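Remarks on the structure that follows.
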Amino acid sequence: MAVANTSSLKRWQKNKQRHVFVAPGNPKMADLPRVEPISIDELAFSTLADFANSHQVTCTVVGPEQPLSKGIVDYFEARQLPIFGPNQVAAQLESSKTFAKQMMAVSGVPTAQYQEFDNQTAALQYVSQQALPLVIKADGLASGKGVIIADTKNAAEQAVAQLMAGPQSKLLIEDYLVGEEFSLFALVDGTRFITMPVAQDHKRLEDGDLGPNTGGMGAYSPVPHITEALKQEAVQEVVMPILKTMVDQKTPFRGFLYAGLIKTTSGIKVIEFNVRMGDPETQVVLPQLQSDLGELILQLKRGQQPVAKWQTDQYYLGTVVASRDYPRQAVNGRPLPNIQATDVQVSFAGVVEENGQVVSHGGRVLMVTATAATIRLPNSGSIRF
């Protein structure tokens, strides 16, 4: 089982008989009861499969996008080992922006107008003719750093050059969508699914929605101004059509489906799909689950329709502590802050152990999540359940 952070693991612990192995995990996960990090790389499919087989693992749940995009589910299924996640073709909903756009077009799912480019000269010519701002995206996986919002022609040209100078030769240039963004997760098996509480994350690095895009600097859930009616509209217009299309294309989706959505003046549109639970939204969504996550997954795999129970009287809000100079680079090896507060949850991500001390290792190091019965939003005052 591969999970991004400690918060993701806590809902596995309602079943006292369950033991969770995390590969590769991080040293802070070992502080959780019945959780054991194992030093196997997430892309070492053969070693992971051998471990799952020899330890009689009930189900492997894949957290990161890289092993999904490289076919870990196909590998495990070929060895008849239980696993939860999309196969390599279905995982293209995240690993290929082009594939995702094609599936949305077939499904009639609304999204931004766009053009694909594998030639830098053609991309730059297109940029010179478009209204600003523009959204420029790497076609493939980019660890949350493959989307650049360009407010000027010069910034757009630099974004094209930057993304095409990397390992990927294809990019998409999209119209910029204006509206209220929100994230909707679903646990899926074919056309059978459970939705989770809506979350909203904030990707810009700096206060005031300024600075470069990141993998996410914080999130909160539930989102009071995204009503249940709007959520059901998203389910009807986005989740159900895309799942039906995947089944019709003979590549049914299984696993965690993340829909990054935006409410515009012309309705809900899709910004992107991920095929895993997103960070930092996971840390504010999963703690609301009162059912056992493992049992919900197993019920889906058995062909049953699970019913999940969620808390209904608290807001969850989390802030990421990131490395200096993130997202440009990470400064590793720094001691971690000692957070003693008992009324917050700390989820560790980019950390390693060096000389007996846990230190930073990566861009986003940890996240601190608090809960309260009220939440204060800009220009809205306090909102209470």
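Here the structure is a predicted model, which means the values were calculated and not measured.
Ionic pairing of Asp209 and Lys203 is not present here: no N-O contact between side-chain nitrogen and carboxylate oxygen is shorter than 4.0 angstrom. Electrostatic pairing of Lys70 and Glu65 does not count as a salt bridge here, judged by no charged N lying under 4.0 Å from a carboxylate O. Salt bridge Asp139/Lys97: absent, no basic N to carboxylate O contact under 4.0 Å. Taking 4.0 Å as the cut-off between side-chain N and carboxylate O, Asp279 and Arg364 count as a salt-bridged pair. Comment: Asp248 does not engage Lys250 in a salt bridge, judged by the lack of any side-chain N to carboxylate O separation of less than 4.0 angstrom.
Here the side chain of Asn26 pairs a donor or acceptor atom with the backbone of Lys28 at under 3.5 angstrom. Side-chain atoms of Asn119 come within 3.5 Å of backbone N or O of Ala122 as a donor-acceptor pair. Between the Glu181 side chain and the Ile262 main chain, no donor and acceptor come within less than 3.5 Å of each other. Between the Thr111 side chain and the Val270 main chain, a donor and an acceptor come within less than 3.5 Å of each other.
Below 30°, between 30° and 60°, or above 60°: for Tyr220 and His225 the angle between ring planes is between 30° and 60°, a tilted geometry. Between Tyr75 and Phe45, the ring-plane angle classifies as tilted under the 30° and 60° cut-offs.
Scanning both residues, Val307 and Ser291, for their nearest heavy atoms gives O-OG, 4.1 Å. Closest heavy-atom contact between Ser323 and Gly362: CB-O, 3.4 Å. Across every non-hydrogen atom of Ala219 and Val284, the tightest pair is O-CG1, 3.6 Å. Scanning all heavy atoms of the two residues, the minimum distance from Leu48 to Glu42 falls at CD1-O, 3.5 Å.
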Donor-acceptor pairs under 3.5 angstrom involving side-chain atoms of residues 146-154: please list them, not counting sequence neighbours.
unit_1 : atom_1 : unit_2 : atom_2 : d
Thr152 : OG1    : Ala155 : N      : 3.0
Lys153 : NZ     : Gln130 : O      : 2.9

Step by step, work out the side chain to side chain donor-acceptor pair (under 3.5 Å) result for Thr369 and Gln283. CA-CA 7 Å; Thr369 302; Gln283 293 94 309; over 6 Å; no
Go through the steps to decide whether Gln288 and Tyr316 satisfy the test side chain to side chain donor-acceptor pair (under 3.5 Å), and finish with yes or no. CA-CA 8 Å; Gln288 299 179 62; Tyr316 288 70; over 6 Å; no
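Under the 6.0 Å cut-off for aromatic ring centres, Phe273 and Tyr258 do not qualify, their centroids lying 6.0 Å or more apart.
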